[in-house]
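Reading through the structure tokens given below for one structure.
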Amino acid sequence: MKEKITGSEALMLALKAEGVKTIFGYPGGSIMPVYDALYDYTRGEKKAFDHILVRHEQAATHAAEGFARVSGNVGVALVTSGPGATNTLTGVADAMLDSTPIVVIAGQVPIGALGTDAFQEVDLVGLAQPISKWSYQIRHADDIAWAVSRAFYIARSGRPGPVVLDFPKNAQTEMVEFHAEKVNFVRSYVAYPTLDADAVSEAAALINQAQRPLALVGQGVELGNAQRELQAFLEKADIPAGRTMLGLSALPSNHPLNVGMLGMHGNYAVNLKEQECDVLIAIGMRFSDRVTGNLSTYARQAKIIHLDIDKSEIDKNVKTDVAVVADCKESLPAITALLHPASHKEWRDSFLPLDEQERIRVIEPAIHPTEGPLLMGEVVNAVAKASPDDTILVTDVGQNQLFATRYFKYHHKRSICTSGGLGTMGYGMPAAIGATFAACSSEDSSRRTVVCFMGDGGFQMNIQELGTIMEQQAPVKMILLNNNYLGNVRQWQDMFWKRRKSFTKMLNPCYEAIAQGYGIAYQAVVDRKDLAAAVQKMLTTDGPFILECAIMEEDNVLPMTPPGKNVDDMMLSIK
């Protein structure tokens, strides 16, 4: 007979069995027994975990997301009940839309008090159910080992995503004989669909006949660790490839078949060529409205091949001619084996005049201005040029995100963390904290630099996480692009709302004083002649750094496809 332990200690052993080493959390009354058990597991002979005390529960989930996106492992957040739990829901929804594997464990009142409106009671399972892969209440200590293993299996398998465990206080304090369990099967949940050989043959036949093929590469390639398989597929059939924002590091920026970023603010040529290709191959992407524009006119001339692990994505937005439902690490080489070596030089060359138009009219003025205030593009370009090739780019949401993703360079897999589907302002700083811990947690990503671009709006949404950075000395290189506006909303107001700038102008604090208060190195740049030296200082300073750049207030992100318009209505300038 095994010695009995508390449910809280059983949770520690269950997390340890899942290989967890880093936990982002914030204690409170309904999770206090777990934190008491955690005390022994973060020090001494039992040490198994590093616990990172965040300053807000939303930040715990975003840090877990950043950790998961860079490491490829499941991120873990630990919080209390009531507001502690509800504060995590933005991060849960963000992880769901961006297919990020995290497990949120939240305290709850004892089951005997459920339904009584007890202090800090909330129906977390009900709230989380529509925005998570699975939400479950662990009502008794006997269920802990099974529930935790099931949670991690669901979070990391198939199309990854968030899982929420509601952990009532009685289950935390009950005594139990702990027996480790390993869940690797859930009835009615098919994590990895069986590859259909007929679909593979049909897809290969369409590609072999294509004269103007175009691949759209999404984050599914990164999630499936299929970067090499992607390159082999593209190179054999000589297929140009555009990448979604979340899929940017799935194919190196300097790969000859990379033709740029898709979407509303992506590159000009690849967006227009979606309307000219004869076969369009979507790989691990969901045909977001920010990619397709007006669905009624999108790629009507093309045969559509969709490779995705999630059957629910097939025909959801764009009607598919051939669907290959499987893990792309399996489906890509299966199709590649049936492809004929091909050359599409004339088709690829047709991108070049459009690329040149964008270079002359948009890119050069954005990254090499000669007069006037600093521009966001030139700051991103300066950081990109000076950063090591394996640098991890983290962004907040807004113009900073769009400029950063456009002008940064990607040479290494899992090099981008940004909020895509939900577009969560305040994501950047905590996600960068998580990324720094991931960047030190494996041989593959050791010593990788983490740079985080933020606007003044997003910076302030989770500014309290400077306290986490201070305490942990997390080496986040923060680039604050300060234009005294909620820039993206301001741009839309100028373009579509008759320049009526309704509550987008911001009165900002003294960021130098804030940095000084947190003991974080800081420098401001106003004049472009000082930019290169300031970037170098930031990158070579040990520990965290805030580089504040005074940006032209009405800097605009271009190109742009106006919302609801056709992809080929993309604008290179604002009229």
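Owing to the predicted nature of the structure, the values given are computational and were not obtained by experimental measurement.
Looking at residues two or more places apart in sequence or on another chain, you find a side-chain contact (heavy atoms from CB on, under 4.5 Å) between Asn508 and Asp456, Gln460, Asn482, Asn484, Met506, Tyr511. With sequence neighbours left out, Thr541 forms a side-chain contact (heavy atoms from CB on, under 4.5 Å) with Ala521, Lys537, Phe545. Taking Ala63 as the reference, Phe24 meet the side-chain contact (heavy atoms from CB on, under 4.5 Å) condition, with sequence neighbours excluded.
Between the side chains of Gln108 and Glu121, not a single donor N or O lies within less than 3.5 Å of an accepting N or O. No side-chain donor from either of Ser249 and Ser415 sits under 3.5 Å from a side-chain acceptor of the other. The closest side-chain donor-acceptor pair between Gln120 and Thr80, if any, does not fall under 3.5 angstrom. No hydrogens or angles considered: a donor-acceptor pair under 3.5 Å links the side chains of Asn462 and Gln464. Between Ser419 and Asp94, the side chains place a donor N or O and an acceptor N or O closer than 3.5 Å (distance only, hydrogens not considered). A donor-acceptor contact under 3.5 angstrom links the side chains of Ser312 and Asp310, judged on distance only. A side-chain donor from one of Arg243 and Asn258 sits under 3.5 Å from a side-chain acceptor of the other. No hydrogens or angles considered: a donor-acceptor pair under 3.5 Å links the side chains of Glu548 and Tyr522. There is no side-chain donor-acceptor pair under 3.5 Å between Glu471 and Thr468. In this structure, a donor-acceptor pair under 3.5 Å is absent between the side chains of Ser135 and Gln129. Using modelled atom types and a 3.5 Å distance limit, the side chains of Gln491 and Gln399 yield a donor-acceptor pair. One side chain, Asn267 or Glu358, offers a donor N or O that lies under 3.5 Å from an acceptor on the other.
In this structure, Glu378 pairs ionically with Arg528, as a charged nitrogen and a carboxylate oxygen lie closer than 4.0 Å. Between Lys501 and Asp494 a salt bridge is recorded (basic side-chain N to carboxylate O distance below 4.0 Å). Classification of Arg159 and Glu313 as a salt-bridged pair holds, one side-chain N sitting under 4.0 Å from a carboxylate O. At a threshold of 4.0 Å, the pair Glu553-Arg490 does not count as salt-bridged, since none of the basic side-chain nitrogens sits closer than that to a carboxylate oxygen.
Counted within 6.0 Å of OH on Tyr26, heavy atoms from surrounding residues, nucleotides or ligands total 12 or fewer; the atom is thus considered open. Within 6.0 Å of atom CG in Asp527, more than 12 heavy atoms from other residues, nucleotides or ligands are found, so the atom counts as buried in its surroundings. Within 6.0 Å of atom CZ in Phe496, more than 12 heavy atoms from other residues, nucleotides or ligands are found, so the atom counts as buried in its surroundings. Atom NZ of Lys316 has more than 12 heavy atoms from other residues, nucleotides or ligands within 6.0 Å.
Looking only at side-chain heavy atoms (C-beta outward), Met552 and Asn483 stay at 4.5 Å or farther from each other. Taking the side chain as every heavy atom from C-beta outward, Thr424 and Thr90 approach each other to under 4.5 Å. No side-chain heavy atom of Leu486 sits less than 4.5 Å from a side-chain heavy atom of Phe503. In this structure, the side chains of Thr244 and Leu216 stay at 4.5 Å or more apart for every pair of heavy atoms. When side chains are defined from C-beta on, Phe403 does not count as touching Phe453, because their heavy atoms never get closer than 4.5 Å. No side-chain heavy atom of Leu78 sits less than 4.5 Å from a side-chain heavy atom of Val104. Thr292 has its side chain out of reach of Asn317: every pair of non-hydrogen atoms, C-beta onward, lies at least 4.5 Å apart. Looking only at side-chain heavy atoms (C-beta outward), Leu466 and Phe459 come within less than 4.5 Å of each other.
Note that OG of Ser81 and CZ of Phe167 are 13.0 Å apart. Values are rounded to the nearest 0.5 Å. Note: Ser387 OG to Gln536 CD = 9.0 Å, rounded to the nearest 0.5 Å. The structure places CG of Asn400 at 12.0 Å from SG of Cys549, a figure rounded to the nearest 0.5 Å. Distance check: Asn556 CG to Ser573 OG gives 10.5 Å after rounding to the nearest 0.5 Å. Met429 contributes atom CE, which lies 14.0 Å from atom OH of Tyr427 (distance to the nearest 0.5 angstrom). In this structure, CD1 in Ile105 is found 7.5 Å from CD1 in Ile31, a value given to the nearest 0.5 Å.
In this structure a side-chain-to-backbone donor-acceptor pair under 3.5 Å is missing from Asn488 to Gly398. Side-chain atoms of Ser132 never come within 3.5 Å of backbone atoms of Val164 as a donor-acceptor pair (strictly under, hydrogens ignored). At distances below 3.5 Å, not a single donor-acceptor pair connects side-chain atoms of Asp166 with backbone N or O atoms of Val125. The closest donor-acceptor contact from the side chain of Glu222 to the backbone of Arg414 lies under 3.5 Å. Without hydrogens or angle criteria, Asn294 side chain to Lys565 main chain gives no donor-acceptor distance under 3.5 Å.
Nearest heavy atoms, Thr405 versus Leu402: OG1-O, 3.3 Å. Across all non-hydrogen atoms, the minimal contact from Ala366 to Pro369 is O-CD, 4.0 Å. In this structure, Arg406 and Ile363 approach most closely via the heavy-atom pair NH2-CG1, 3.9 Å. Leu223 and Pro160 make their closest contact through CD1-CD, 3.9 Å (heavy atoms, listed as atom of the first residue, atom of the second, distance). Here the closest heavy-atom approach between residue Leu165 and residue Ala151 is recorded as CD1-CB, 3.9 Å. Summarising the geometry of Thr436 relative to Pro475, their closest heavy-atom pair is CB-CD, 4.0 Å, with the distance given to 0.1 Å.
When each of Thr88, Asn87, Thr86 is paired with Glu57, the side-chain hydrogen bond (donor to acceptor under 3.5 Å, both in side chains) condition holds for Asn87 and for no other. Screening Leu246, Ile416, Ile102, Val394 for a side chain to side chain contact (heavy atoms under 4.5 Å, CB included) involving Arg69 leaves a single residue, Leu246. Among the candidates Thr22, Val76, Ile23, the single residue satisfying the side chain to side chain contact (heavy atoms under 4.5 Å, CB included) test with His51 is Ile23. With Ile479 as reference, Met538 is the one residue of Met376, Met454, Met538 to meet the side chain to side chain contact (heavy atoms under 4.5 Å, CB included) rule.
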field: Working for side-chain hydrogen bond (donor to acceptor under 3.5 Å, both in side chains), residues Gln493 and Thr504
entry: CA-CA 9 Å; Gln493 288 173 337; Thr504 45; 2.9 Å; yes
